[in-house]
Protein chains: 2
Amino acid sequence: MGRPREFDEQDAVIRATDLFWRRGYNATSVRDLGTDLKLTPSSMYRTFTDKHTLFLRALDHYRATESAQAEQRLDAAGRPVRQVLRDWMLWLVSCPSDGEPGRGCFVVNTATELGTTDAQVRQRTEAAFEVTRQALRSLLHNGRHDGELPIGLDIDATVELLFTTVLGLRVRERAGHDCARLATAIDAVIQALGFTSTQPS
Amino acid sequence: MGRPREFDEQDAVIRATDLFWRRGYNATSVRDLGTDLKLTPSSMYRTFTDKHTLFLRALDHYRATESAQAEQRLDAAGRPVRQVLRDWMLWLVSCPSDGEPGRGCFVVNTATELGTTDAQVRQRTEAAFEVTRQALRSLLHNGRHDGELPIGLDIDATVELLFTTVLGLRVRERAGHDCARLATAIDAVIQALGFTSTQPS
DNA sequence: CTAGTATGGGAACGATCGATCCACAAGTCT
DNA sequence: AGACTTGTGGATCGATCGTTCCCATACTAG
């Protein structure tokens, strides 16, 4: 009961995510947020408590949408591991269709900006990282069963390698590096790992 | 002529570098700087013009010391490429002796925080990146001459791969990831690239 | 219709931001 | 000595920070 809301809370979180994602936490003021979300300070604080809490909401929203979509793309679904990995990484660095520069990965950006000082943020970024590592691990395990992986390949080590590479790719995307160059790096990784290029035996 | 300075300018730049490196640009206030550099605002502004200019000084100082040292370690000096690369990357992620968390790479941190908005910063970070890429290129070219590299290895692509990996490692170091894990990733990369493990033929 | 309840609009809070100003100190020059 | 030049200390500037408060508004319950 009481006066009904004139805005959609979920929509506000989406816009906040976009803003924090592009500018980071410190460089985004509550007035910027208010303008972009079309929220007065009182509505914003009544709904989201404070800036920090809203940021955590945005981070959680990102994980539940963008990150989740990324992990979904790691589900092999019968395709060769080599191809799944390649498509996945290419998708991660694909610059948005419009002329805007890439935003990188919200989780990665946040981990470098706040991960060293903010415990709540750090817990979330580390959890997100672990989910990605686990998805990679599953993919490689499946690949081993299907005989696509070189015999004797250390799966745990390969997960660390791929995860590290992906972080690097995300940073380079945000830094505006040429997509073609990043694709070169991706192909080099895939090739170096020596997955069988054709269907499993 | 005039009254002599009571502080060492270079020393102030060093302290500013440390502060910006750890906290980033936006999270470091001029009062923080003043306290740490033991400088009053008037001295600070007379010497360094403003916060942004001081930040550029710090960034340049970092490139001239830390970055330069990193590139120096990429000079093969007759050692096998495999070993040079491994030692170099391990050194990059070696957590400082004390209990403090890693600070990552100042250039990488800055590129993600300001690279998308600040042209002066971006020009510097891109230049720093290019120097690293060039050092990697030289190393691999030398390795090819010495016969350590697999025949048919695409040097440009391998440079992109290694450079991307290193960015990822730097981010993970700042994120406080376990050094042993990072070492695993490093060894996996080295092995995947397939450099000859012994001396050149 | 009235009482109760939650929101929207927007002024305003104290704190802090980056930056400036000015009186004074500490040197060099003639 | 006095003129000149440069640096120091610290108060202070206007702007902006994150946040709170108040009141009109718009709805529901009785």
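Below, chain A is the first sequence line, B the second, and so on; all start at residue 1.
- Ring planes of A/H177 and B/F163: parallel class, angle under 30° (limits at 30 and 60°).
- Residues B/I186 and B/V93 have side chains in contact (heavy-atom distance under 4.5 Å, counting atoms from C-beta outward).
- Here the closest heavy-atom approach between residue B/L161 and residue A/A192 is recorded as CD1-CB, 4.5 Å.
- Of the candidate nucleotides C/dG8, D/dT8, C/dA19, C/dG8 has the atom lying nearest to any side-chain atom of A/S43.
- Judged by distance alone, with hydrogens and angles left aside, the side-chain atoms of B/E148 form no donor-acceptor pair with the main-chain N or O of B/F195 at under 3.5 Å.
- Comparing C/dA11, C/dA19, D/dG18 by their closest approach to the side chain of A/P41 singles out C/dA11.
- Taken from CG in A/L85 to CZ in A/R79, the straight-line distance is 10.0 Å, to the nearest 0.5 Å.
- Between B/T112 and B/N109, the closest heavy-atom pair is OG1-O, 2.9 Å.
- The distance from atom CE of B/M44 to atom C1' of D/dG9 is 15 Å, rounded to the nearest whole Å.
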Give me the distances for all protein-to-nucleotides 24-29 of chain C N/O pairs that come in under 3.5 Å?
from, atom 1, to, atom 2, distance (Å)
C/dA25, N3, B/R3, NH1, 3.1

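- No side-chain donor-acceptor contact under 3.5 Å links A/Q83 and A/R86.
- Counting any heavy atom pair closer than 4.0 Å across all strands shown, B/R5 reaches sugar-phosphate atoms only and no base atom.
- Of all the residues in residues 22-37 of chain A, A/T28, A/S29, A/V30, A/R31 reach under 4.0 Å from DNA chain D with at least one non-hydrogen atom.
- The base of C/dG9 lies close enough to the side chain of A/S42 for a donor and an acceptor atom to sit less than 3.5 Å apart.
- Side-chain contact check for A/L59 versus A/F20: every heavy-atom pair is 4.5 Å or farther apart.
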